[in-house]
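Encoded as structure tokens, the structure appears first; notes follow it.
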Number of protein chains: 2
Amino acid sequence: MINFSIKFQSGVPIYEQIIYAVKKAVVSEQLRPGDTFPSVRELSKDLRINPNTAQKVIAHLVREKLLIIKPGIGSVVSELKEATDLQRKDILDTEIEKLVVEAKRLLINKKEVIDAVKSHWNLENEE
Amino acid sequence: MINFSIKFQSGVPIYEQIIYAVKKAVVSEQLRPGDTFPSVRELSKDLRINPNTAQKVIAHLVREKLLIIKPGIGSVVSELKEATDLQRKDILDTEIEKLVVEAKRLLINKKEVIDAVKSHWNLENEE
DNA sequence: TATGGTGTACTATGTTGCATACTACACTTA
DNA sequence: TAAGTGTAGTATGCAACATAGTACACCATA
């Protein structure tokens, strides 16, 4: 009943990798609003991780409003939410600045970066 | 003799913050190739961090080829190096994909993202 | 009503990374 | 020679991560 794929790699925390995989699945519409999401125990069993780690994933996704808890049932994928001012600032200022600094340091062209953004954006179409 | 500025914030490792500050200083030409870089003990004293942490910063920057060790003297800022294939792939694929996924999840427009890239790029001019 | 599945909350252990303190050594410059 | 350089090592305290196991309140369903 897992409707997204993961390939673990060392160095980065398991729970972060799962969270990212879920976000990617939502953005690419492999997971749609209203879809049921695996329970803590199911997630733990299918991915062969500790229940605590699975719980950590779900709690995190609920806090980020990607999931909604249905008591007694499980959790469900929610509608996409508009970013808060703080989230917008973090991405458009902090994160993109990091990206630009790293690109310039490695002598990567502005065009290459922008083309890569466009390319990744169109992989899952829509504006 | 510190020619770059830092304002520490909790949550992210000190040594990472310093490394990023140095990269930013290089990209914005506050630090130029040939400039001398603070020694381990100097960095440790001025930033009031442990010598081990300062050593970790410098070793990391040498490994990334941003600094060159001059034995008995200290270290010096080197010329910018072209990215390796692996570094290019990491930025243009992995990092930008992360950015795009997060932006789409938060319903941020493609135009906003690209404008932010252009904006940050031009803050330190040149192609 | 009873059963089973749900999220949630604990305690505990082992590993790893981060930052600190301190000591020591080989090297080069002045 | 003396002082400064990078480098290496041991040790401590703290926090994050992942694991194991137990327990509880809640709700849906048979």
Side-chain angles (χ1 to χ4, degrees), chain A residues 1-4 6-23 31 33-78 98, chain B residues 1-4 6-23 31 33-78 98:
Chain A
M1 276 291 184
I2 293 283
N3 25 13
F4 56 92
I6 303 189
K7 218 193 270 180
F8 289 135
Q9 55 187 13
S10 66
V12 40
I14 293 177
Y15 83 98
E16 277 188 15
Q17 298 186 47
I18 300 176
I19 288 172
Y20 181 60
V22 173
K23 288 182 180 175
L31 274 178
D35 285 356
T36 61
F37 192 80
S39 71
V40 170
R41 291 165 181 79
E42 196 177 352
L43 203 64
S44 152
K45 183 184 155 211
D46 291 1
L47 299 183
R48 281 187 281 177
I49 59 175
N50 193 274
N52 293 343
T53 305
Q55 151 71 9
K56 193 173 183 178
V57 168
I58 291 182
H60 198 285
L61 289 173
V62 168
R63 211 177 318 124
E64 289 204 74
K65 302 195 190 306
L66 273 134
L67 294 181
I68 296 176
I69 296 296
K70 301 280 188 181
I73 303 269
S75 55
V76 161
V77 178
S78 70
K98 279 190 203 167
Chain B
M1 275 290 185
I2 293 282
N3 25 14
F4 56 92
I6 304 190
K7 219 193 269 178
F8 289 134
Q9 55 186 14
S10 66
V12 41
I14 293 177
Y15 82 98
E16 276 188 15
Q17 298 187 47
I18 301 176
I19 288 171
Y20 181 60
V22 173
K23 288 180 180 175
L31 274 178
D35 286 356
T36 61
F37 192 82
S39 71
V40 170
R41 290 163 181 81
E42 197 178 352
L43 201 64
S44 152
K45 184 186 154 210
D46 291 1
L47 298 183
R48 280 188 279 175
I49 58 175
N50 192 274
N52 294 345
T53 306
Q55 152 70 8
K56 192 173 183 176
V57 168
I58 291 180
H60 198 286
L61 290 173
V62 168
R63 211 177 317 124
E64 289 205 74
K65 302 197 191 305
L66 273 134
L67 295 181
I68 297 177
I69 297 298
K70 301 280 189 180
I73 303 268
S75 55
V76 161
V77 178
S78 70
K98 280 190 202 168

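Note that the structure is a prediction, hence the values are computed from the model and not measured. Throughout, a chain's letter reflects where its sequence line sits, starting with A, and its residues are numbered from 1.
- Atom CD of B/Gln17 and atom C1' of C/dA19 are 13 Å apart (whole Å).
- Regarding contacts with the backbone of D/dG4, every side-chain N or O of B/Ser39 stays at 4.0 angstrom or more from both OP1 and OP2.
- Atom CD1 in B/Ile18 sits about 12 Å away from atom C1' in C/dC18, given to the nearest Å.
- Of the two residues contacting DNA chain D, namely A/Gly72 and A/Pro13, the nearest-nucleotide position lying further toward the 5' end is that of A/Pro13.
- Atom-to-atom, NZ of A/Lys70 to P of C/dG7 comes out at 13 Å; the value is rounded to the nearest Å.
- Between the CD1 atom of A/Ile73 and the P atom of C/dG5 there is a distance of 14 Å, given to the nearest Å.
- Between the side chain of B/Ser44 and the backbone N or O of B/Ala54, no donor-acceptor pair lies under 3.5 Å.
- Between A/His60 atom NE2 and D/dA16 atom P the separation is 13 Å, expressed in whole Å.
- Phosphate proximity of C/dA19 to B/Thr53: absent, as no side-chain N or O sits under 4.0 Å from OP1 or OP2.
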Identify the pairs formed between an N or O of the protein and an N or O of nucleotides 7-15 of chain D at a distance under 3.5 Å, and give each distance.
{"unit_1": "D/dG9", "atom_1": "O6", "unit_2": "B/Asn52", "atom_2": "OD1", "d": "3.4"}

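- The salt bridge (Lys or Arg N to Asp or Glu O under 4.0 Å) search around B/Lys98 returns B/Glu95, not counting sequence neighbours.
- Among all heavy-atom pairs drawn from A/Gln9 and A/Gln17, the shortest one is O-NE2, 2.6 Å.
- Proximity of A/Tyr15 to the phosphate of D/dA18: no side-chain N or O atom is located under 4.0 Å from OP1 or OP2.
- For the residue pair B/Leu47 and B/Phe8, the shortest heavy atom distance occurs at O-CE1, 4.2 Å.
- Candidate nucleotides D/dC27, C/dT20, D/dC17 were compared by shortest atom distance to the side chain of A/Pro71, and D/dC27 ranks first.
- Rounded to whole Å, atom P of C/dT8 lies 10 Å from atom CG of A/Leu67.
- Spacing between atom CG of B/Leu47 and atom C1' of C/dT20 amounts to 15 Å, rounded to whole angstrom units.
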| request: Given side chain to side chain contact (heavy atoms under 4.5 Å, CB included), test B/Phe37 with B/Val22 step by step and report yes or no. | output: CA-CA 10 Å; B/Phe37 192 82; B/Val22 173; 3.8 Å; yes
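- A 4.5 Å side-chain heavy-atom check between B/Ile68 and B/Val62 finds every atom pair outside the cut-off.
- Within the 4.5 Å cutoff, the side chain of B/Ile18 has heavy atoms near those of the B/Ile49 side chain.
- As a whole-Å value, the separation of B/Lys45 NZ from D/dG4 P is 11 Å.
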